[in-house]
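Below: the structure, in structure tokens.
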Amino acid sequence: METIEVVVGRIGKPHGIRGEVTLDLRSDEPERRFAPGAVLRAEAPRGSHSPLRQLTVARARWHQQTLLVTFVEVPDRNAAEAARGITLHATIPADASPEDPDEYYDHQLVGLAVHDLDGSHLGEVSALVHGGAQDLLVVKTPDGRDALVPFVKALVPEVDVPGGRVVVADRPGLVTPLPEDD
């Protein structure tokens with residue numbers, strides 16, 4: 001079975017003295033990705049000398065709106081501080097989909113044709129940018145420009161992964177240039 005890796009989080013600051021860390025989540029399924037026993041690939045940030053290459057979840061719990069995780073390989077606060085900034089990757093089947101029907105993995109969207117509400121071809125999804133407020137679709141237009149489209153229902157009313165297309169409620173300046181830019 002083919003598998004792919006998805007980024008599921010980044011280790012933040014230590015919480016307490018027993019190795020617990022905060023997590024900057026990059027997954028809409030934290031209960032699934034950070035279940036006890038889950039093994040994640042660890043990618044240290046540039047310049048880090050961390051020897052950690054994989055981490056095993058020992059425990060995860062919510063503290064207000066922050067997920068706190070304890071890893072088997074991070075026994076104390078010093079180790080937690082040294083693990084700060086590590087990006088965590090989960091391996092999933094290539095044909096897997098998130099449980100929520102309105103959620104998608106990046107690889108499912110990249111390469112989809114982009115059309116406006118009238119069916120006119122606007123380009124192709126070339127990437128996703130994960131921002132603090134919202135995600136952005138990067139649309140490569142036929143003339144080679146990259147347009148950023150907020151990935152919200154009002155602007156992206158339809159995603160048809162099996163059909164290979166995304167519908168964007170285009171407005172002048174969003175994907176198509178403003179008239180004075182022509």
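For clarity, every value in this text was computed on a predicted model and none was experimentally measured.
Taking CZ of Arg26 as the start and NE2 of His89 as the end, the distance is 10.0 Å to the nearest 0.5 Å. Between Arg84 atom CZ and Ser50 atom OG the span is 14.0 Å, to the nearest 0.5 Å. Atom OG1 of residue Thr70 and atom CZ of residue Arg61 lie 7.5 Å apart, to the nearest 0.5 angstrom. Between the CD atom in Glu20 and the CG atom in Leu67 there is a gap of 9.0 Å [rounded to 0.5 Å]. Between the CG atom in Asp24 and the CZ atom in Arg10 there is a gap of 4.5 Å [rounded to 0.5 Å].
Side-chain atoms of Glu81 do not come within 3.5 Å of backbone N or O of Pro14 as any donor-acceptor pair. A donor-acceptor pair is defined here as one N or O able to donate and one able to accept, closer than 3.5 Å; such a pair exists between the side chain of Thr22 and the backbone of Lys13. With hydrogens and angles disregarded, a donor-acceptor distance shorter than 3.5 Å links the side chain of Arg77 to the backbone of Gly16.
The nearest pair of heavy atoms linking Ser126 to Val110 is O-CG1, 3.7 Å. Pairing each heavy atom of Ala80 with each of Val21, the nearest pair is CB-CG1, 3.6 Å. In plain terms, the two heavy atoms of Ile4 and Ala94 that are nearest each other are CG2-CB, 4.1 Å. When all heavy atoms of Gly85 and Pro45 are compared, the pair lying nearest together is O-CD, 3.6 Å. Here the closest heavy-atom approach between residue Ala90 and residue Arg33 is recorded as CB-CD, 4.0 Å. Smallest separation of non-hydrogen atoms from Ala147 and Leu174: CB-O, 3.5 Å.
Leu55 and Val57 fall within the same hydrophobic cluster, where Ile, Leu, Val, Met, Phe, Trp and Tyr residues are linked whenever their side-chain heavy atoms come under 4.5 Å apart, directly or through other members. Put simply, Leu136 and Tyr104 are part of two different groups of oily side chains (I, L, V, M, F, W, Y) that touch within less than 4.5 Å, one to the next. Criterion: ILVMFWY side-chain heavy atoms under 4.5 Å apart, direct or through other members. Under it, Ile92 and Val7 are not part of a common hydrophobic cluster. Follow the hydrophobic side-chain contacts under 4.5 Å out from Leu52 and you reach Leu40 in the same cluster. Val138 and Tyr105 sit in two unconnected hydrophobic clusters of ILVMFWY residues. Membership requires side-chain heavy atoms under 4.5 Å apart, directly or through other members.
Screening residues 16-72 for ring-ring contact (aromatic ring centres under 6.0 Å, His included) gives His15-His63 as the qualifying pairs, with residues at least two apart or on separate chains.
Using a 4.5 Å heavy-atom cutoff, the side chains of Ile11 and Leu23 are in contact. Counting heavy atoms from C-beta outward, Glu5 and Thr91 have side chains that approach closer than 4.5 Å. Counting heavy atoms from C-beta outward, Pro98 and Gln108 have side chains that approach closer than 4.5 Å.
Contact check on Asp146 versus Lys140 returns a salt bridge, with a Lys/Arg side-chain nitrogen under 4.0 Å from an Asp/Glu carboxylate oxygen.
More than 12 heavy atoms of other residues, nucleotides or ligands lie within 6.0 Å of CZ in Arg145, so this atom counts as buried by the packing criterion.
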Which pairs would a plain distance check flag for residues 152-172, meaning a side-chain donor or acceptor within less than 3.5 Å of a matching protein atom at least two apart in sequence or in another chain?
unit_1: Asp160; atom_1: OD1; unit_2: Gly163; atom_2: N; d: 2.9
unit_1: Asp170; atom_1: OD1; unit_2: Val175; atom_2: N; d: 3.0
unit_1: Asp170; atom_1: OD2; unit_2: Thr176; atom_2: N; d: 3.3
unit_1: Asp170; atom_1: OD2; unit_2: Thr176; atom_2: OG1; d: 2.9
unit_1: Arg171; atom_1: NH1; unit_2: Ala169; atom_2: O; d: 2.6

Got a list of side-chain donor-acceptor pairs under 3.5 Å for residues 112-125, not counting sequence neighbours?
unit_1: His115; atom_1: ND1; unit_2: Gly119; atom_2: O; d: 3.2
unit_1: Asp116; atom_1: OD1; unit_2: Asp118; atom_2: N; d: 2.9
unit_1: Asp116; atom_1: OD1; unit_2: Gly119; atom_2: N; d: 3.0
unit_1: Asp116; atom_1: OD1; unit_2: Ser120; atom_2: N; d: 2.8
unit_1: His121; atom_1: NE2; unit_2: Gly123; atom_2: O; d: 3.4

Walk me through whether Leu137 and Leu128 qualify under side chain to side chain contact (heavy atoms under 4.5 Å, CB included).
CA-CA 5 Å; Leu137 292 177; Leu128 271 89; 4.0 Å; yes
